[in-house]
Participant: 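Okay, handing you the structure first.
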Amino acid sequence: MKMKLRIAGIKPIYISLGMFFLLVAVFTIGDRTFISLYNAQTILNAVAILLAVGLGQVCVILTGGIDLSVGSIMSLVSVVFMLVIGQLGAWAYPVVMVLGLGAGFLNGLIVSKLRIPSFIATLGTQGILISVAYLLSASPLSVPENSYGLVDIINGSIGPVKNVWIIGLVLFAGFFAMQAYTRLGRGIMYIGANERMSYLSGLDIDRIRILAFTFSGFGAAVAGIILSATLYSGYPSIGGTYVLNSIAVVVVGGTAMTGGAGGVLNTLIGSLIMGILNNGMTVIGIDVYAQQVFLGVLIIVAVAVTFDRRKLAIIK
Amino acid sequence: MGETILELKRAKKAFPGVTALDGVDFRVERNEILGLVGENGAGKSTLMKILIGLQTVDEGEYFLRGERAALDGPSAAIRKGIGMVFQEGCMIPNLSVMDNLFLGNEDSFGRGPLMPVKAMAQAARGELEAVGLGRLNPKSTVGDISSAEKQMLEIARLLWLSRLYGVDNPILILDEPTTVLQESEVERLFSILGALKARASIVFISHRLEEVVQLSDRIVVLKDGRLMADLGRGQADVKAIERLMVGHELAVEHYRESMQTDCGSEVVLCVKELRLGGRFEDFSMDLHRGEIVSLVGLMGSGKEEVCRCLGGSEVPDSGSIAVHGKPARFASPKNAIDAGIGIVPIDRRNDGLATSLDVMSNINLLILDRMRSGPFLKPALEKASARRWVEECLIKTPSLQTSCSTLSGGNQQKVVIAKWLAAEAAILVLDHPTRGIDVGAKDEIYRRIRALAAAGLSIIIMCDTLEEDIGLSNRMIVMKDGRIVREIPCPKDAKPAPVAVIGYIV
């Protein structure tokens, strides 16, 4: 039986915004400490990481693809970050960012030049990258004695404003400008909306796709840096949950998995929702094991209400 | 007269903007071969879709074997003993011949957990023999067999199904079966169809009128959704049928002929001896500034492929293309676009537009490069450009941010044209520009085409009907079986009659 769950005439982004306010209200009623300043800070710290990896993921999803390797990129970045920061000092930052860019670029090359579906290509590279991380160090690495100052650039704050929020905002602004005001951003939308038309209109589809994956690798690298800095540690399983989380923030924000609809702003809202949900469920005392049920339901409902499935002849 | 087993009475079917069938009475008799002819857009395919239950009539009645039929899809039609044989067969290429033959009905060989492969192969051999495929291995993969074999296999499948469902005298509809066949295969098909007549009725659709006359016991001519004639064997020759197909003479001023301008002398596009193996060969033409040239031919004539080569989406094997005197090599659509050629595709929803995106994004797709300062696009420039073209092309849209999926077909088409005009294409290839567009919007498209030609754009056009080709173009190039067979000038005061042209096409 086919159900028409899509709420007619309402843009997915407004549904997501509604969901955001609803969650805030529910959790506040559930426990007043949810709205406390300290808890808000905790939420925003988590949102910054979700946002970084989600902003990358949305670039790929807008083209109609998917990047399953973001978690592995985060893990590898965290391990390498801890390995090199002792010797390289501040240079460790650009080095691991280039590592993320390179991994994303490789994904893009495999998808566009070998013409392998992104699901399979990134399933392959996520295995390769995580292996490399384990080969470099199977056991957790911590920040070398001499480098705490450097790592705390991430953990510091300017007045009441945490640096990670600034990083998140800057990243958001950059991705937003890319999506809204550059030809690449438009190109991503064009090929996601109609790849064949884009080809017939002379767009360089391979280039656009490779760049989308490269941006995804970059977002994952930034997320990996923030995560390992806040934990003062790097290890191969650190990014494990972020593949699903990155997809979740994208779809919960209302971006269509088929590509061509949604975007960076949606992902910001999706990140806030996921951050609030993860935190709020713990605050109001929902069993940790039961939390997954709510997350799962939310993702399915989000896709059901935001994504126009009538166009799909076959659901794979 | 034989017994009527299928009857459609006063069938009407309308789509937005077009009346596909306008009160057609249609019948099929027992044990006959019925030829069905008509131009593109005459209503043949709609009629067939109604017969096999893919569509239902808006008005009128449908009787099968004396009973009112309400079919809700091809499988219901097959159960009632009526099925369609598609040109290339409609089968699963990576399965075997026998898997396809019995697809979905394996249960009739027993309901055990394992399929009785041996029994199936045995049965398949018998079925294949009945349609002259005795030498075909039932286990060979369908993807590897020839088009002729696929057609026969599909016929065998329909015959087998009709027996399975206990239907006497099934009706087989064959849509253009001969276009994909070699001459010897056509002979064989005809002899098999002749033999099948003893236990089935056959509806034979073809543009090849000689074949229709040769094979059919009766011929039905459709034109503009109306039944023009119902002729017994020997009642009409090819010439007479042609006249019935094109109908009355061209109405005056139907295609804005008075706005037609003479073309300039400058050759904008020069194509020499273009060849694409198996599709077309020796294709040469000059296109002048401001000229409208119409490519005319049936499906399989090669005109579609010529246009794909001009648009860069297919690469010719040999020959040369020069634009404004400069030799060009089109390896991809981008090369063609850079040379100034724009394609307005027949399938505008899939090939021409990003329907989920807004009007502005679609119009500006090709010219985003001109709207930058540094790396960033300037929204003000984008808006100004989109607004200009919306006004210029009379696109009716609530706003620039309206998603193209909500626009009418005519307005979508105008968006596609606007996209190329914005990019200042010097040559436009219009692939059936008025398909699926209602009459009023058609006229606007005609006027736009005239205005573009008058402004110096050169246009290659392929139309839905011969009248439209003749009416719109300065010159027609007629293609048949991959070659140019005729060039026919169409000046505004001396348009040739369709009857005089159709003979070259079919």
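Every chain is numbered from 1, with letters handed out A, B, ... down the list of sequences. Below, each value reflects all heavy atoms present in this structure, side chains not excepted, and no hydrogens, waters or symmetry copies.
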Participant: By a 4.5 Å heavy-atom criterion (distance strictly below it), what part of B:Lys419 contacts chain A: side chain, backbone, both, or neither?
Facilitator: side chain

Participant: Which class fits the ring pair A:Phe175 and A:Phe218: parallel under 30°, tilted 30 to 60°, perpendicular over 60°?
Facilitator: parallel

Participant: Might you confirm whether atom CZ of B:Arg279 has over 12 heavy atoms from other residues, nucleotides or ligands at distances under 6.0 Å?
Facilitator: no

Participant: Between B:Leu287 and B:Ile427, is the side chain to side chain contact (heavy atoms under 4.5 Å, CB included) condition met? List the steps.
Facilitator: CA-CA 9 Å; B:Leu287 181 67; B:Ile427 300 162; 3.8 Å; yes

Participant: Does any backbone or side-chain atom of B:Leu365 lie under 4.5 Å from a heavy atom of chain A? Answer side chain, backbone, both or neither.
Facilitator: both

Participant: Is chain A contacted by the side chain of B:Asp347, its backbone, both, or neither, given a heavy-atom distance below 4.5 Å?
Facilitator: neither

Participant: Kindly indicate whether the side chain of B:Ile321, heavy atoms from C-beta on, has any atom under 4.5 Å from the side chain of B:Leu269.
Facilitator: yes

Participant: Would you please go through residues 192-217 of chain A and name the residues with a non-hydrogen atom below 4.5 Å from one of chain B, in numerical order?
Facilitator: A:Ala193, A:Asn194, A:Arg196, A:Met197, A:Tyr199, A:Leu200, A:Ser201, A:Gly202, A:Leu203

Participant: When you compare the side chains of A:Thr255 and A:Asn266, does any donor N or O come within less than 3.5 Å of an acceptor on the partner?
Facilitator: no

Participant: Quick check: do A:Tyr190 and B:Leu368 have side-chain heavy atoms less than 4.5 Å from each other?
Facilitator: yes

Participant: Please classify the contact of B:Arg372 with chain A as side chain, backbone, both or neither, using a heavy-atom distance under 4.5 Å.
Facilitator: side chain

Participant: Any side-chain heavy atom of A:Asn107 sitting closer than 4.5 Å to one from A:Ser118?
Facilitator: no

Participant: Measure the shortest side-chain to side-chain distance between B:Cys307 and B:Asp431 over non-hydrogen atoms and say whether it is less than 4.5 angstrom.
Facilitator: no

Participant: Please classify the contact between B:Pro345 and chain A as side chain, backbone, both or neither, with a heavy-atom cut-off of under 4.5 Å.
Facilitator: neither

